Amino acid sequence: MGTHHISVLCDKVIDFLSPKSDGVYIDGTVGLGGHSAAILETSAPNGRVIGIDLDVEALSIAKSRLHVFGERSSLINGNFAEMDVLLETRHSVHAVDGILLDLGVSSLQLDAPHRGFSFNHTGPLDMRMNARQVLNSEPEASVTARQIVNDSPMDVLVDIFKGYGEERFAKRIARRIIRTRRETPIVTTTQLAKIVKRAVPPGASKIHPATRVFQALRIHINAELENLEMGLDVAIQLLKPGGCLCVITFHSLEDRIVKHRFRTCARTCVCPPKTPICICEHTASLDILTKRPISPDAAEVQHNPRARSAKLRVARKL
């Protein structure tokens, strides 16, 4: 499974991080370890990478991939939104030289039917990033997509599809879901995908009709946007002066959060526009290195079609 994963914008990330042999770097979404391996190779002989991920399946593969780097590589099962606590308790690390957050869903997750992330494979409606809960059948530990789809009232479904998927046919889709579940529970990914497809007018979208609904459910279930907002704040605090924060996003909601946070942290004043004199005492903490996000070139997209929507934004700690 790990051989199918291709790290997005890896060369660009390395260019910005410019890993040094005496540096400590955080891969806050280590996935299958591709970016981490590149950082470790570039920072030889002594550079360190601490990788964090919620997915224990991914961490197992990353561990196998990174074992050649010995003690220079450390892996933690956890949420990057809490990376400050994880680093302090596990490694007594309080500041680092660079941080990467690659927010994409990995090939491991998409291609594993039992995880329920993809409408291309028949599997249970789950979508939890924490594979430990999935493998141990712990539905009480967190909400699954099946619970959301079968138990939520119409207004909640509409809010999820609109807010997290920017789905313009949210009401039609929610109405169809409710009508279907009255007769039979919706339990599989392909079952839900067919329901959504019937609700969306033919030819209304160039992408699969279920794409935005699956995205919305995944974001909602895993609190991805809330974690991103917290993670950005924590990452900025952890960086040493001169250290870079690289964030790869895959949809507009994530990218908007990163763009606005970077801009706010790069400003010397955040007072309301009509305030006659500055009273905020805000100081800039970041220098934005990518005035516009960097996207993969045509060659990378051809080699890895899943990279087509990726955007990289980078800022340096002042």
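The shown structure was predicted, so the numbers you read here are calculated from the model rather than taken from an experiment.
Cluster annotation: Leu101 and Ile288 are assigned to the same hydrophobic cluster (Ile/Leu/Val/Met/Phe/Trp/Tyr, side-chain heavy-atom contacts under 4.5 Å, transitive). Residue Val156 is grouped with residue Ile195 when hydrophobic side chains (ILVMFWY) are merged at heavy-atom distances under 4.5 angstrom, including chains of intermediate members. If you chain together hydrophobic residues whose side chains sit under 4.5 Å apart, Leu238 and Leu318 never meet in one group. Hydrophobic clustering of Ile, Leu, Val, Met, Phe, Trp and Tyr side chains at less than 4.5 Å, counting indirect connections, unites Leu253 with Ile160. Transitive grouping of hydrophobic side chains (ILVMFWY, heavy atoms separated by less than 4.5 Å) keeps Met230 and Leu286 in distinct clusters.
Side-chain contact between Phe16 and Leu9 is absent, with no heavy atoms from C-beta onward closer than 4.5 Å. Within the 4.5 Å cutoff, the side chain of Arg172 has heavy atoms near those of the Pro201 side chain. Side-chain contact check for Arg128 versus Ile221: some heavy-atom pair is nearer than 4.5 Å. Residues Leu217 and Phe161 have side chains in contact (heavy-atom distance under 4.5 Å, counting atoms from C-beta outward). The side-chain heavy atoms of Arg212 and Phe169, taken from C-beta on, include no pair separated by under 4.5 Å. Annotation: side chain of His282 is not in contact with side chain of Cys269 (no heavy-atom distance under 4.5 Å).
A pairwise comparison of heavy atoms in Ile50 and Val24 identifies CD1-CG1, 4.3 Å as the closest pair. Of all non-hydrogen atoms in Pro113 and Thr122, the two that sit nearest each other are CB-O, 3.5 Å. Taking both residues in full, the closest heavy atoms of Arg267 and Val270 are given as NH2-CA, 3.8 Å, listed atom of the first, atom of the second, then distance. Heavy atoms only, all atoms of each residue included: Ile52 and Leu86 are closest at CG2-CD1, 4.0 Å. The two atoms that bring Gln191 and Pro185 nearest to each other are NE2-O, 3.1 Å, heavy atoms only. Between Ala307 and Pro296, the shortest heavy-atom contact is O-CG, 3.1 Å.
Counting heavy atoms of neighbouring residues, nucleotides and ligands inside a 6.0 Å radius, atom CZ of Arg316 does not exceed 12 of them. Few gaps surround CD on Glu166; more than 12 heavy atoms of other groups in view lie less than 6.0 Å from it. For CZ of Arg263, the number of neighbouring non-hydrogen atoms (other residues, nucleotides, ligands) closer than 6.0 Å is 12 at most. Within a 6.0 Å sphere centred on CD1 of Ile279, other residues, nucleotides and ligands contribute 12 heavy atoms or fewer. Lys311 NZ: 12 or fewer foreign heavy atoms inside a 6.0 Å radius. Around atom CG of Asp155, more than 12 heavy atoms belonging to other residues, nucleotides or ligands sit under 6.0 Å away.
At least one donor-acceptor pair closer than 3.5 Å links the side chain of His208 to the backbone N or O of Ala210. The backbone N or O of Tyr164 sits nowhere less than 3.5 Å from a side-chain atom of His251 that would complete a donor-acceptor pair. Judged purely by atom type and a 3.5 angstrom limit, Asp297 uses its side chain to pair as donor or acceptor with the backbone of Glu300. Not a single donor-acceptor pair under 3.5 Å links the side chain of Glu183 to the backbone N or O of Thr180. A donor-acceptor pair under 3.5 Å is formed between the side chain of Asn227 and the backbone N or O of Ala223. Using modelled atom types, one side-chain atom of Arg181 and one backbone atom of Val149 make a donor-acceptor pair closer than 3.5 Å.
The pair Asp22-Lys20 does not meet the salt-bridge criterion, since no charged nitrogen lies less than 4.0 angstrom from a carboxylate oxygen. Using a 4.0 Å cut-off between charged side-chain N and carboxylate O, Lys317 and Asp287 make no salt bridge. Between Arg218 and Glu224 a salt bridge is recorded (basic side-chain N to carboxylate O distance below 4.0 Å). A salt bridge does not link Lys63 with Asp53: every distance from a Lys NZ or Arg NE/NH1/NH2 to an Asp or Glu carboxylate oxygen is 4.0 Å or more. Salt bridge status for Glu57 with Arg115: present, with a side-chain N to carboxylate O gap under 4.0 Å.
Defined by atom type and a distance below 3.5 Å, a donor-acceptor pair is present between the side-chain atoms of Gln147 and Thr144. Side chains of Ser36 and Asp27: a donor-acceptor N/O pair is present below 3.5 angstrom, by distance only. The closest side-chain donor-acceptor pair between Asn130 and Asp55, if any, does not fall under 3.5 angstrom. Checked by atom type, the side-chain pair Arg72/Ser43 shows a donor-acceptor distance below 3.5 Å.
Atom CD1 of Ile39 and atom CG of Leu100 lie 5.5 Å apart (nearest 0.5 Å).
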Derivation of the side chain to side chain contact (heavy atoms under 4.5 Å, CB included) call for Leu232 and Val234: CA-CA 5 Å; Leu232 289 173; Val234 171; over 6 Å; no
task: I would like to know whether Glu167 and Ile173 meet side chain to side chain contact (heavy atoms under 4.5 Å, CB included); could you show each step before the answer?
output: CA-CA 9 Å; Glu167 174 55 68; Ile173 294 168; 3.6 Å; yes
Criterion side chain to side chain contact (heavy atoms under 4.5 Å, CB included) on Arg306 and Val105, from CA distance to verdict: CA-CA 10 Å; Arg306 287 176 176 169; Val105 181; over 6 Å; no
Full working for side chain to side chain contact (heavy atoms under 4.5 Å, CB included) between Tyr25 and Asp97: CA-CA 6 Å; Tyr25 301 90; Asp97 299 276; 3.8 Å; yes
